[in-house]
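What you see below is based on every heavy atom in this structure, not just the backbone, and it leaves out hydrogens, waters and symmetry mates.
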Amino acid sequence: MERQGSWLCSQVAVPPVELKDQEPPAIVESGEHQQNENHEETPSSVAPSASCQLPGPFSSLDSSIETLKKKAQELIENINESRQKDHALMTNFRDSLKMKVSDLTEKLEERMYQVYSHHSKIIQERLQEFTQKMAKISHLEMELKQVCQTVETMYKDLCVQSEVPTSEEQNYKDGEC
């Protein structure tokens, strides 16, 4: 990734300062593992070329500076390794989280389709009931129309019969005129 290179340190320039019996300041950053390295350097562990170059008090100063540079470089390498491990851990965590979210999404989608299927069955049953009731209503409506027509026909027949005079009624009406 691009960001990884921006936080890795590759070189450290240490200014020549005389330090007597002092530990270099520890580099502490949040989220990183701090390693305590207590290497006590002795003049015998310094490279022979450094002690042979300058005789006198400056040879110990040069060896101390070289020791500090090496310790600083080791600390920076340890920090960079720790950061690379943290980056790998976060990458693994992100990949794991993506897989879990994907699985959860699939389960949720499957459950939604089950609910849709269940509701579709209920809706289908109710639509079938509705269709049956509408057919029954249509049948009852036709029967009601037939009853109305029968009543209308009977009413007309009754009205027509009451308007036609009987022979006695006809004779009576004829006699009056």
Side-chain angles (χ1 to χ4, degrees), residues 1-140:
M1 295 195 155
E2 292 179 18
R3 294 189 312 170
Q4 183 178 2
S6 65
W7 48 268
L8 294 176
C9 301
S10 60
Q11 293 181 349
V12 173
V14 179
V17 178
E18 184 175 345
L19 298 173
K20 295 182 181 177
D21 298 330
Q22 291 183 351
E23 296 264 332
I27 299 174
V28 178
E29 292 189 23
S30 64
E32 297 179 357
H33 306 289
Q34 181 179 0
Q35 297 182 359
N36 292 332
E37 296 185 18
N38 294 329
H39 298 293
E40 300 220 2
E41 299 290 331
T42 60
S44 63
S45 67
V46 177
S49 61
S51 63
C52 292
Q53 286 180 351
L54 294 174
F58 293 112
S59 65
S60 66
L61 178 63
D62 286 341
S63 67
S64 295
I65 291 172
E66 284 301 316
T67 303
L68 289 175
K69 283 182 181 180
K70 287 180 184 178
K71 283 186 178 183
Q73 190 61 36
E74 287 176 8
L75 286 173
I76 290 171
E77 288 172 2
N78 289 340
I79 288 170
N80 288 339
E81 287 175 16
S82 177
R83 286 180 177 177
Q84 287 174 346
K85 288 177 184 176
D86 289 346
H87 178 71
L89 179 70
M90 287 304 296
T91 300
N92 290 339
F93 177 72
R94 181 178 46 245
D95 293 343
S96 173
L97 189 60
K98 282 180 182 178
M99 287 188 345
K100 287 181 180 181
V101 167
S102 178
D103 290 343
L104 184 61
T105 303
E106 287 178 17
K107 288 178 182 178
L108 179 63
E109 191 174 28
E110 183 179 319
R111 180 67 181 136
M112 280 176 38
Y113 287 129
Q114 289 175 351
V115 169
Y116 288 168
S117 176
H118 176 72
H119 287 171
S120 292
K121 288 178 183 177
I122 292 172
I123 290 170
Q124 188 64 34
E125 290 172 0
R126 296 225 173 124
L127 280 173
Q128 189 174 5
E129 289 175 12
F130 177 73
T131 304
Q132 290 171 350
K133 289 181 181 182
M134 288 303 293
K136 189 173 182 178
I137 288 171
S138 295
H139 179 71
L140 290 173

Euclidean distance, Gln124 CD relative to Ser120 OG, rounded to 0.5 Å: 8.5 Å
Evaluation steps, side chain to side chain contact (heavy atoms under 4.5 Å, CB included), between Lys71 and Thr67: CA-CA 6 Å; Lys71 283 186 178 183; Thr67 303; 4.2 Å; yes
Note, Asp86 side chain near Met90 side chain (heavy atom, < 4.5 Å): no
Euclidean distance, His118 NE2 relative to Lys121 NZ, rounded to 0.5 Å: 8.5 Å
Residue pair Lys69 / Ile65, side-chain heavy-atom distance below 4.5 Å: yes
Pairwise distance NE2(His139) to CD1(Ile137) - rounded to 0.5 angstrom: 12.5 Å
Inter-residue atom distance Gln132.CD - Lys136.NZ, 0.5 Å rounding: 10.0 Å
Close side-chain approach of Glu110 and Gln114, heavy atoms under 4.5 Å: yes
Side-chain heavy-atom pair Arg94, Thr91 within 4.5 angstrom cut-off: yes
Spatial distance of atom CG (Asn80) from atom CG (Leu75) [nearest 0.5 Å]: 11.0 Å
Given Lys133, Met134, Arg126, the one that forms side chain to side chain contact (heavy atoms under 4.5 Å, CB included) with Phe130: Met134
Distance, nearest 0.5 Å, that separates CG of Asn78 from CD of Gln73: 10.0 Å
Taking distance alone, no hydrogens or angles, what donor-acceptor pairs closer than 3.5 Å link side-chain atoms of residues 95-104 to residues at least two apart or in another chain?
none

